[in-house]
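First up is the structure itself, then whatever we jot down about it.
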Amino acid sequence: MITEEQVLNSLRTIQDPDLHQDIVTLGFIQNLTIDGGRVSFTINLTTPACPVREQFKRAATDAVKTIAGVTDVAIQMTATVRGTGRAPEQTALPGVKHIIAIASGKGGVGKSTLASNLACALQQTGATVGLLDADIYGPSQPKMLGTLNPPLSTTEDNQIIPWNQYGIKMMSMGFIVDDTTPVIWRGPMVHNILTQFVRQVAWGALDYLLIDLPPGTGDAQLTITQTVPLTGAVIVTTPQEVSIQIACKGLRMFSEVHVPVLGMVENMSYFLCGHCNERSPIFRHGGTRKACELHGVPFLGEVPIDATVTLDGDEGKPTVLAHPDSASAASYRAIAGQLAAQLSILTARSATGTEQPATSGCCGGH
Ligand code: ADP
């Protein structure tokens with residue numbers, strides 16, 4: 001006769017290396033049933049984008065199979081994204097569990113491309129995702145997500161209903177002004193429109209709302225940090241020293257306004273030859289990882305220079321959707337996993353009062 005205690009004890013041997021507790025103590029095990037030699041249960045992770053969910057499943061199967069009499073182990077993998085636990089009155093968007101700014105020091109480093117691919121990669125894992133294009137001076141998400149003039153409508157209480165593209169709820173300045181008109185707005189107007197985009201859009205329930213910030217460290221970035229309770233920010237850079245230096249300015253800005261930096265991403269990290277698979281570090285490679293080590297922030301990953309990425313962006317279908325088997329798509333998915341993992345770590349830590357994420361780690365692996 002197999003007991004619940006035996007099963008739970010075997011599962012207690014599986015540690016989450018980053019949350020530093022076992023998966024039973026973390027409350028991941030649910031719906032445990034034992035029927036003769038058949039043991040079934042659910043492992044409910046903190047994010048569907050967990051990069052090691054299959055490892056967890058294998059380890060749990062192996063652990064339970066060591067119990068005498070077990071003939072069959074059936075595990076259902078699920079996830080519930082936990083929010084930061086802020087009181088509802090502290091957040092402008094109570095249905096949104098995590099709001100993440102995607103930022104860069106410089107323009108043209110691939111921030112918007114990363115934001116659209118991360119949104120799609122997270123959505124593909126089963127998470128509910130929104131994307132706010134706050135790059136009001138150069139909104140590129142409508143083009144990158146292939147939705148130039150969607151017919152927007154409003155709710156009964158006059159909130160704008162975000163446009164749903166590829167399963168992502170999105171809102172962009174590009175939906176409001178046509179893409180040939182330059183937007184010449186001063187600080188207070190920038191503040192007003194961004195505030196409206198956050199508060200007067202019916203975002204509803206979301207696991208992750210990504211905000212594609214304009215490049216730099218000016219008014220618009222500060223407005224966002226003051227208007228919405230950001231869980232954290234991701235900083236995108238290219239490998240050139242000048243780009244990394246400017247990205248580090250962004251690090252300092254977020255630190256000054258007490259927004260945790262969830263990590264940095266190196267875009268256009270290297271060129272991967274389509275013929276011989278050789279990697280060429282065209283713009284130097286690896287500087288971002290070093291900068292992360294220096295500043296004690298997580299390095300979330302790197303994306304190669306890839307003509308397909310450019311074409312997919314121009315054609316309105318992010319690479320993770322248009323070319324899911326490409327090396328670039330795999331990079332974006334890996335970065336999405338690391339980002340989701342950092343959010344899980346941060347959420348766990350916010351309960352204990354130390355909010356800066358670790359320099360490595362995830363919801364159970366790295
Ligand atoms: P930003 O938002 O930082 O201004 P974008 O995301 O608009 O930058 O990217 C600028 C240009 O570079 C776009 O044409 C985009 O398609 C291209 N791009 C971005 N990342 C890559 C990459 N990894 N490989 C090739 N082209 C890229």
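As the structure lists them, so they are numbered: ligands from 1, and atoms in each ligand from 1.
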| task | Answer yes or no: is there a side-chain heavy-atom contact under 4.5 Å between Pro139 and Phe175? | result | no
| Got a salt bridge between Glu256 and Lys249, using NZ or NE/NH1/NH2 to carboxylate O under 4.0 Å? | no
| said: I'd like the name of whichever of Thr113, Ile102, Thr237 reaches closest to atom 13 (C) of ligand 1 through any heavy atom. | reply: Thr113
| task | Could you tell me whether Tyr332 and ligand 1 have an N or O pair separated by under 3.5 Å? | result | no
| query | What residue and atom, counting heavy atoms only, is the protein's closest point to atom 20 (N) of ligand 1, and at what distance? | reply | Asn267 ND2, 3.0 Å
| message | For Gln159, is there any backbone N or O sitting under 3.5 Å from a side-chain donor or acceptor partner on Thr154? | response | no
| query | Would a distance-only check, ignoring hydrogens and angles, find a side-chain to backbone donor-acceptor pair under 3.5 Å from Gln76 to Ile43? | reply | no
| Is Gly313 close to ligand 1, meaning an N/O of one under 3.5 Å from an N/O of the other? | no
| Of all the heavy atoms in Gly108, does at least one lie under 4.0 Å from an atom in ligand 1? | yes
| query | Do Leu343 and Ile211 share a hydrophobic cluster (ILVMFWY, side-chain heavy atoms under 4.5 Å, transitive)? | reply | yes
| remark: the protein heavy atom lying closest to atom 8 (O) of ligand 1 turns out to be Gly110 N, 3.0 Å
| task | Let me see the working for Thr319 and Ser326 under side chain to side chain contact (heavy atoms under 4.5 Å, CB included), right down to the final yes or no. | result | CA-CA 8 Å; Thr319 302; Ser326 63; 3.5 Å; yes
| side chain to side chain contact (heavy atoms under 4.5 Å, CB included) partner of Ile168, chosen from Thr147, Leu131, Leu206 | Leu131
| request: Just need the protein heavy atom nearest to atom 21 (C) of ligand 1, so name the residue and atom and give the distance. | output: Val309 CG1, 3.6 Å
| task | Would you mind checking which non-hydrogen protein atom is closest to atom 14 (O) of ligand 1, with the distance to 0.1 Å? | result | Thr310 CG2, 3.9 Å
| task | Tell me which protein heavy atom sits closest to atom 7 (O) of ligand 1, plus the residue, atom name and distance to 0.1 Å. | result | Met144 CE, 3.5 Å
| query | Just which atoms of ligand 1 are under 4.0 Å from any heavy atom in Ile305? | reply | 24 (N)
| note | Closest to atom 25 (C) of ligand 1 among protein heavy atoms sits Asp306 O, 3.1 Å
| Considering only heavy atoms of Val303, which atoms of ligand 1 have at least one such atom less than 4.0 Å away? | 23 (N)
| At under 4.0 Å between heavy atoms, which part of Val236 makes contact with ligand 1: side chain, backbone, both or neither? | neither
| field | Check ion pair Lys111-Asp212 (N to O, under 4.0 angstrom) | value | yes
| message | Under a 4.0 Å threshold between the charged nitrogen and the carboxylate oxygen, would Asp207 count as salt-bridged to Lys97? | response | yes
| task | Would you confirm whether Gln123, through its side chain, and Thr128, through its main-chain N or O, come within 3.5 Å as a donor-acceptor pair? | result | no
| For atom 12 (O) of ligand 1, closest protein heavy-atom neighbour | Met268 CE, 3.8 Å
| request: Could you say whether the N/O atoms of Lys111 and ligand 1 ever approach to under 3.5 Å? | output: yes
| said: Tell me the contacting part of Pro304 for ligand 1: side chain, backbone, both, or neither, using a 4.0 Å heavy-atom threshold, strictly below. | reply: backbone
| said: Is it the case that the side chain of Asp22 and the backbone of Asp16 share a donor-acceptor pair, with hydrogens and angles ignored and the cut-off at 3.5 Å? | reply: no
| request: Using a 4.0 Å heavy-atom cut-off, say whether Val109 meets ligand 1 through its side chain, its backbone, both or neither. | output: both
